Amino acid sequence: MDYVAIESAAKYACADADVTGRLAGLFEGELREQGLWQLFAEMEMPLIPVLLDMERNGVALNKESLWAMSQTLGERMKELEDQIYDCAGHSFNINSPKQLGSILFEEIKLPGGRRTKSGYSTDAAVLEWLKGTHPVIELLVEYRQLMKLKSTYIDVLPAIINPKTGRVHTSFNQTGTSTGRLSSSDPNLQNIPIRGELGQQVRKAFIASDGFLLLSGDYSQIDLRVMAHLSQDARLLDAFHNDEDIHTATASQVFDVPAAEVTPDMRRVAKTVNFGVIYGMSGYGLEQATTLSREEASGFINTYFEKHSGVKAYIEATKSQARDRGYVETVLGRRRYISEINSSNGQVRAAAERMAINMPVQGTAADIVKLAMIDIKREMDRQGLKAKMILQVHDELVFEVPQEELDLMKGLVAEMMPNALRLSVPLTVEVKTGPNWGELN
DNA sequence: AACTAGGCT
DNA sequence: GTATAAGCCTAGTTG
């Protein structure tokens with residue numbers, strides 16, 4: 001190991017005492033695996049001061065709106081509790097899957113479903129299955145949703161605003177994943193709700209401070225573009241070169257109809273298939289994720305691979321590489337060792353194969369975003385901008401930008417994100433701005 | 001600490 | 001016959 005070079009890279013990248021802790025993690029974890037040397041000097045090391053800057057910047061929060069939501073939700077949840085107790089005939093702890101299971105499947109005698117290690121499963125898929133069999137089900141679904149958002153976000157975030165900065169500061173962990181992604185904790189700002197009316201409301205509480213706007217740059221289908229690059233699949237390359245809607249294109253191929261005749265339902269299935277392929281999804285998995293029968297689902301996956309022979313070949317080659325060398329790698333050489341790829345246990349081996357298939361895709365996307373962060377921060381510093389990089393959510397970068405720098409920053413992000421790394425297909429980025437994270441245009 | 005559940009990309 | 005979609009983090013219950 002070339003410690004002299006590491007040291008000089010460290011000096012170049014960050015004259016900051018703070019880095020010691022992070023370096024320890026990098027030396028212990030990532031550097032232990034080979035293949036990271038190049039990445040370390042060119043990417044992980046220069047990324048450190050960028051992450052520290054983002055953590056220091058933090059993000060502003062509209063705590064009044066969250067307090068108001070907490071109030072409203074608290075009242076609604078009380079109503080739901082009472083109605084649920086009425087259905088059950090007595091009170092119990094709705095937050096206990098154990099108690100809920102015994103009430104649903106033993107007292108009310110609903111058709112018993114899937115089992116977990118310790119009893120009946122009462123998760124969202126089971127409740128969805130039971131919908132219509134008893135009025136308590138929809139009450140439970142709503143209660144669960146409100147409980148999740150209230151206890152994880154709405155009540156927690158306002159309480160952890162830093163009194164000195166008035167903002168919320170996350171930790172971006174550089175060494176916490178096996179694919180090269182970042183993770184975020186205390187609080188996790190990479191899983192802020194976005195779906196549904198309520199989710200939107202929570203996201204709207206992430207605001208720009210006075211005189212600033214939020215700017216978000218979001219890679220479009222970066223995982224599928226990476227898959228196109230890795231597999232060199234003719235149809236995927238073609239679709240992205242022509243800037244087609246990839247899910248519609250896939251639907252057109254799999255259902256064998258002209259693109260103009262693809263229905264929303266067909267597109268939805270194709271979208272699930274497209275993502276499923278990246279994860280090594282089976283016919284059963286597709287069946288569970290859609291309304292298709294098992295036979296239909298398996299049929300679509302077979303058709304997909306017939307039409308996308310490049311993807312099929314890539315998946316086989318990746319599994320083979322994992323078996324032969326013991327690891328897989330991203331476009332830039334980041335490695336993941338797959339120790340169980342030759343396991344004699346079929347299930348363990350299958351899980352290892354899915355990890356092997358997914359890591360080069362997810363990891364290359366992570367590398368691209370990291371490079372973009374470094375490029376953009378360097379340019380922001382060079383120009384002495386007041387704009388701040390504040391969040392990274394895997395394929396999205398969020399900035400807080402003063403009004404007067406908005407056009408400049410839009411141009412900078414739109415230029416640098418797509419050009420962070422040259423692939424066989426173009427990388428496209430959607431740049432949006434707005435007063436908060438839930439209202440970007 | 002293990003388990004169940006569920007939020008995000 | 002059995003399990004079945006990658007990667008994370010956090011909250012609440014239970015023993």
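Residue numbers begin at 1 in each chain, while the letters A, B, ... track the order of the sequences. All values derive from a computational prediction rather than experimental measurement.
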| field | Qualifying residue, where the test is side chain to side chain contact (heavy atoms under 4.5 Å, CB included) with A:Pro187 and the options are A:Leu157, A:Val156, A:Thr152 | value |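 Output: one option passes, namely A:Leu157.
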| message | Between A:Lys78 and A:Glu81 (salt bridge meaning N to carboxylate O under 4.0 Å), is one present in this structure? | response |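 No salt bridge links A:Lys78 with A:Glu81.
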| request: Run the salt-bridge test on A:Arg334 and A:Glu44 with the 4.0 Å N-O cut-off and return the result as yes or no. | output: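 Salt bridge: yes.
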| task | Starting from the C-alpha separation in whole Å, work towards a yes-or-no answer on ring-ring contact (aromatic ring centres under 6.0 Å, His included) for A:His229 and A:Tyr314. | result | CA-CA 10 Å; A:His229 175 91; A:Tyr314 166 75; over 10 Å; no
| request: Determine whether the aromatic ring centres of A:Tyr219 and A:His394 lie less than 6.0 Å apart. | output: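 Judged by ring-centre distance (under 6.0 Å), A:Tyr219 and A:His394 do not meet the cut-off.
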| request: For DNA chain B, note the earliest and the latest nucleotide, 5' to 3', having some atom under 4.0 Å of a heavy atom belonging to chain A. | output: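 Both ends considered, the range comes out as B:dC3 to B:dT9.
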Would you classify [X] as touching base, sugar-phosphate or nothing, given that sugar-phosphate means primed atoms plus P, OP1 and OP2, and contacts are heavy atoms under 4.0 Å?
X        : answer
A:Ile278 : nothing
A:Arg195 : base
A:Ala124 : sugar-phosphate
A:Ile194 : sugar-phosphate

| request: Would you tell me whether A:Arg268 and A:Thr290 have side-chain atoms, one donor and one acceptor, within less than 3.5 Å of each other? | output: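 Their side chains do not contain a donor-acceptor pair, so the 3.5 Å distance test is not met.
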| query | Given C:dA6, is OP1 or OP2 found less than 4.0 Å from the side-chain N or O atoms of A:Thr177? | reply |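 Answer is no, no contact under 4.0 Å.
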| For A:Arg336 and C:dG7, is the shortest distance between a side-chain N/O and OP1 or OP2 below 4.0 Å? |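 A:Arg336 to C:dG7 OP1/OP2: side-chain N or O found under 4.0 Å.
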Kindly give the atom pairs (protein nitrogen or oxygen, nucleotide nitrogen or oxygen) under 3.5 Å for nucleotides 2-4 of chain C.
{"from": "C:dT4", "atom 1": "O2", "to": "A:Ser282", "atom 2": "OG", "distance (Å)": "3.3"}

| Are A:Arg144 and A:Leu127 side-chain neighbours, meaning at least one heavy-atom pair lies under 4.5 Å? |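 Heavy-atom side-chain distance check passes, below 4.5 Å.
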| request: Treat primed atoms plus P, OP1 and OP2 as sugar-phosphate and everything else as base, then score nucleotides 10-15 of chain C 5' to 3': B for base contact with protein heavy atoms under 4.0 Å, S for sugar-phosphate contact only, - for none. | output: BSSSSS
| Just how far is it from atom CG of A:Asn162 to atom NE2 of A:His169, taken to the nearest 0.5 Å? |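 Interatomic distance, A:Asn162 CG to A:His169 NE2, rounded to 0.5 Å: 4.5 Å.
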| Less than 5.5 Å between centroids and less than 30° between ring planes, does A:Tyr279 satisfy that with C:dA5? |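 No, A:Tyr279 does not stack on the base of C:dA5.
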| request: Could you please name the option among C:dC8, C:dA5, C:dG7 that lies closest to any side-chain atom of A:Ser183? | output: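 Nearest to the side-chain atoms of A:Ser183, counting from C-beta on, is C:dC8.
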